[in-house]
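All values below were derived from every heavy atom in this structure, side-chain atoms included, with hydrogens, water molecules and symmetry-related copies excluded.
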Amino acid sequence: MEKERSSFTGKIGFVLAAAGSAVGLGNIWRFPYLAAKYGGGIFLLVYLILAVTFGFALMTAEIAIGRKTGLSAIGAFKKLGKKYAFIGYLESIVPIIILPYYCVIGGWVTKYMVTFISGGAIHTIADDYFGAFIGQPLAPMIYFAVFLGLTTAVICLGVEKGIEKVSKIMMPVLVVLSVIIAVYAMFLPGAMEGVKYYLLPDFSQFSVTTVLAAMGQMFYSMSLAMGIMVTYGSYMKKEVNLESSVRQIEIFDTGIAFIAGLIVIPAVFAFSGGDEAALGKGPGLMFVTLPKVFESMAGGTFIGTLFFVLVLFAALTSSISLMEAVVSIIQDKFKISRGRSCFFTVLISVLLGVPSSLGNGAWSGIKIIGMDFLSFFDFISNSVLMPIVAFFICIFAGYVIKPKTIIEEAEEHGQKFSEKGLFTVVIRYVAPICIVLILISSVLDAMGIMKI
């Protein structure tokens with residue numbers, strides 16, 4: 001007899017776990033950087049519009065497919081259409097690639113949190129501190145192992161006792177920490193100029209690249225096309241309202257990204273005298289610029305400590321969902337226990353995580369299409385595979401099983417799905433075109449032909 005599938009206890013558990021998946025490093029450093037680069041308020045406005053349309057449709061489709069089939073990505077697409085099992089396989093590759101290098105970055109966050117807690121914050125302001133740390137062969141690997149171990153411990157406890165219980169603690173703490181730090185940052189001398197830049201749309205800054213950047217960030221931020229929402233949907237009880245759950249996940253995800261902008265942009269504006277370039281890009285913002293910002297503040301060590309605890313929580317909630325997607329895929333595909341599936345997932349993570357870590361030091365001379373291992377894995381997963389998978393999901397939901405199938409799943413137990421028209425138009429017509437544009441622009445950007 002087949003064992004009954006694990007499930008979340010109810011709506012709150014599902015929403016907090018799924019929101020935890022969506023809230024990650026992309027919200028804390030990538031969103032503020034892009035908002036600063038693409039006009040502040042206008043980027044924020046475009047992002048919000050896309051989140052409630054494009055993001056809503058894709059997330060609804062993925063969660064509905066998971067709940068309808070009760071399976072993770074590979075099994076779900078195969079069950080609904082045997083010829084379309086390849087979508088599940090493609091989607092399954094994404095978290096397998098992302099999890100290892102995400103845990104490497106999670107290890108960097110762990111290192112900075114430990115450094116701030118132990119009173120060593122002053123050392124982090126040196127220009128070469130971050131580069132010297134990630135260039136070491138052993139230290140980054142130790143922190144990678146610690147972060148991976150924390151993630152694995154939660155996953156081994158299961159859906160209800162592990163993921164749900166941890167999410168119910170971490171997500172409220174994450175929100176409280178975000179608000180505390182944001183309020184502090186906004187009242188720094190000179191910070192209000194950053195607040196105005198971030199909140200007031202300047203329509204003269206609007207461009208096609210603003211839309212593409214906002215779409216790419218929303219896609220990256222909301223855990224779409226990674227197999228995560230299909231997996232979490234498979235643990236969702238039929239009586240839980242799907243539409244309102246998706247809306248609440250979006251509110252959590254967008255809310256944390258919004259608050260992160262209120263932390264980072266005003267603080268960096270205050271520190272740099274209004275220089276947007278000081279926001280930097282990628283790890284440079286979080287690991288090089290922000291420690292200097294905290295050092296310049298009164299009580300900056302305390303605020304910096306709170307910030308890196310916040311970032312660690314955000315990183316962990318996302319790594320937990322990435323690992324759960326992989327574990328569930330392996331379990332469903334090979335019919336093995338959760339424990340054995342966890343073991344194989346950790347093994348894969350180590351095999352791909354080690355080169356991601358060493359690529360910044362001992363193996364920095366090894367390049368794949370001009371990129372170190374971590375950058376290559378990030379490019380392949382986020383810029384290539386995710387848009388391709390999302391495109392196929394739109395075609396599958398829009399033209400193979402038809403929007404009616406998704407709508408019927410959302411209306412289980414007599415529940416209302418008020419956005420039928422919006423969902424149908426976006427999933428069939430708007431989203432596929434937008435996703436193709438994201439894919440083209442991302443590849444051209446990586447090739448240096450077009451900078452997004």
Side-chain angles (χ1 to χ4, degrees), residues 8 11-33 35 47 51 55 59 102-103 105-114 116-117 146-147 150-151 153-155 157 159 161-186 198 217-218 220-223 226 228-229 232 245-267 285-287 290 294 302-324:
F8 294 111
K11 183 177 180 179
I12 293 173
F14 170 76
V15 168
L16 288 177
S21 164
V23 172
L25 296 174
N27 300 68
I28 307 297
W29 63 261
R30 198 171 186 266
F31 184 88
Y33 152 69
Y47 181 88
M59 188 178 287
Y102 197 93
C103 286
I105 300 171
W108 300 347
V109 174
T110 308
K111 159 69 175 175
Y112 270 66
M113 187 195 73
V114 169
F116 269 76
I117 289 174
V146 169
F147 187 85
L150 288 171
T151 305
V154 175
I155 295 301
L157 288 170
V159 175
K161 292 179 180 177
I163 300 168
E164 183 173 342
K165 190 168 283 186
V166 168
S167 298
K168 282 181 174 178
I169 296 167
M170 278 189 168
M171 288 307 293
V173 172
L174 200 148
V175 171
V176 172
L177 284 176
S178 301
V179 172
I180 291 170
I181 304 170
V183 170
Y184 185 91
M186 285 191 292
Y198 180 51
Q217 169 60 20
M218 179 215 65
Y220 178 88
S221 176
M222 292 175 68
S223 293
M226 300 185 191
I228 292 169
M229 291 303 166
Y232 277 17
S245 296
V246 171
R247 288 297 186 203
Q248 286 165 16
I249 294 164
E250 285 187 311
I251 289 168
F252 260 105
D253 177 62
T254 306
I256 294 295
F258 172 75
I259 295 170
L262 285 177
I263 294 170
V264 176
I265 294 177
L285 171 62
M286 190 158 62
F287 299 112
L290 285 178
F294 295 135
F302 176 68
I303 294 298
T305 302
L306 287 185
F307 177 79
F308 281 107
V309 170
L310 162 71
V311 178
L312 180 67
F313 275 26
L316 273 172
T317 54
S318 286
S319 66
I320 286 165
S321 64
L322 284 164
M323 181 173 277
E324 179 58 30

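- Taking the centre of each ring, Phe307 and Phe116 stay at or above the 6.0 Å mark.
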* Let me see the working for Phe14 and Ile249 under side-chain contact (heavy atoms from CB on, under 4.5 Å), right down to the final yes or no. => CA-CA 9 Å; Phe14 170 76; Ile249 294 164; 3.9 Å; yes
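- A heavy-atom distance below 4.5 Å is not found between the side chains of Val154 and Glu324.
- For Val175 against Phe252, the heavy-atom pair with the smallest separation is CG2-CE2, 3.9 Å.
- At a threshold of 4.5 Å between non-hydrogen side-chain atoms, the residues Val15 and Met171 do not count as touching.
- Annotation for Lys165: atom NZ does not count as buried by contact number, only 12 or fewer foreign heavy atoms lying within 6.0 Å.
- Leu262 is not listed as a side-chain neighbour of Val183, based on a closest heavy-atom distance of 4.5 Å or more.
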* To do: Just do the side-chain contact (heavy atoms from CB on, under 4.5 Å) check on Met113 and Val311 with the steps written out, would you?
  => CA-CA 9 Å; Met113 187 195 73; Val311 178; over 6 Å; no
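- Side chains of Tyr102 and Leu25 form a contact here, defined as non-hydrogen atoms less than 4.5 Å apart.
- The CE atom of Met59 sits 10.0 Å away from the CD1 atom of Ile228 when rounded to the nearest 0.5 Å.
- Residues Ser178 and Ile256 have side chains in contact (heavy-atom distance under 4.5 Å, counting atoms from C-beta outward).
- Looking at Ser319, its side chain does come within 3.5 Å of a backbone N or O of Leu316 through a donor-acceptor pair.
- Nearest heavy atoms, Leu157 versus Gly162: CB-CA, 3.6 Å.
- Between the side chain of Ser223 and the backbone N or O of Ser21 there is at least one donor-acceptor pair closer than 3.5 Å.
- Between the side chain of Tyr198 and the main chain of Phe258, a donor-acceptor pair closer than 3.5 Å is present.
- Considering every non-hydrogen atom in both Gly55 and Glu250, the closest pair reads C-OE2, 3.7 Å.
- A donor-acceptor contact shorter than 3.5 Å links the side chain of Gln217 to the backbone of Gly26.
- Taking a 6.0 Å sphere around CG of Leu150, one finds it holds more than 12 heavy atoms contributed by other residues, nucleotides or ligands.
- Side-chain rings of Tyr232 and Phe8 approach one another, their centers coming within less than 6.0 Å.
- With values rounded to the nearest 0.5 angstrom, Met170 atom CE is found 12.5 Å from Leu16 atom CG.
- Looking only at side-chain heavy atoms (C-beta outward), Val264 and Tyr33 stay at 4.5 Å or farther from each other.
- Here the side chain of Thr317 pairs a donor or acceptor atom with the backbone of Ala314 at under 3.5 angstrom.
- To the nearest 0.5 Å, atom CD1 of residue Ile180 and atom CD1 of residue Ile259 are 11.0 Å apart.
- The shortest heavy-atom contact between Met229 and Ala18 is CE-O, 3.7 Å.
- Taking CD1 of Ile163 as the reference point, atom CD1 of Ile155 lies at 4.0 Å (rounded to 0.5 Å).
- Going from atom CD1 of Ile28 over to atom CG of Leu174 covers 6.0 Å, rounded to the nearest 0.5 Å.
- Here the closest non-hydrogen pair linking Gly261 and Pro266 is O-CD, 3.2 Å.
- One finds the CD1 atom of Ile263 at 5.0 Å from the CD1 atom of Ile181 (value rounded to the nearest 0.5 Å).
- Contact of the Phe308 side chain with the Ile117 side chain is not registered, since no non-hydrogen atoms from C-beta on lie closer than 4.5 Å.
- Counting only heavy atoms from C-beta outward, the side chains of Thr305 and Phe294 never approach each other to under 4.5 Å.
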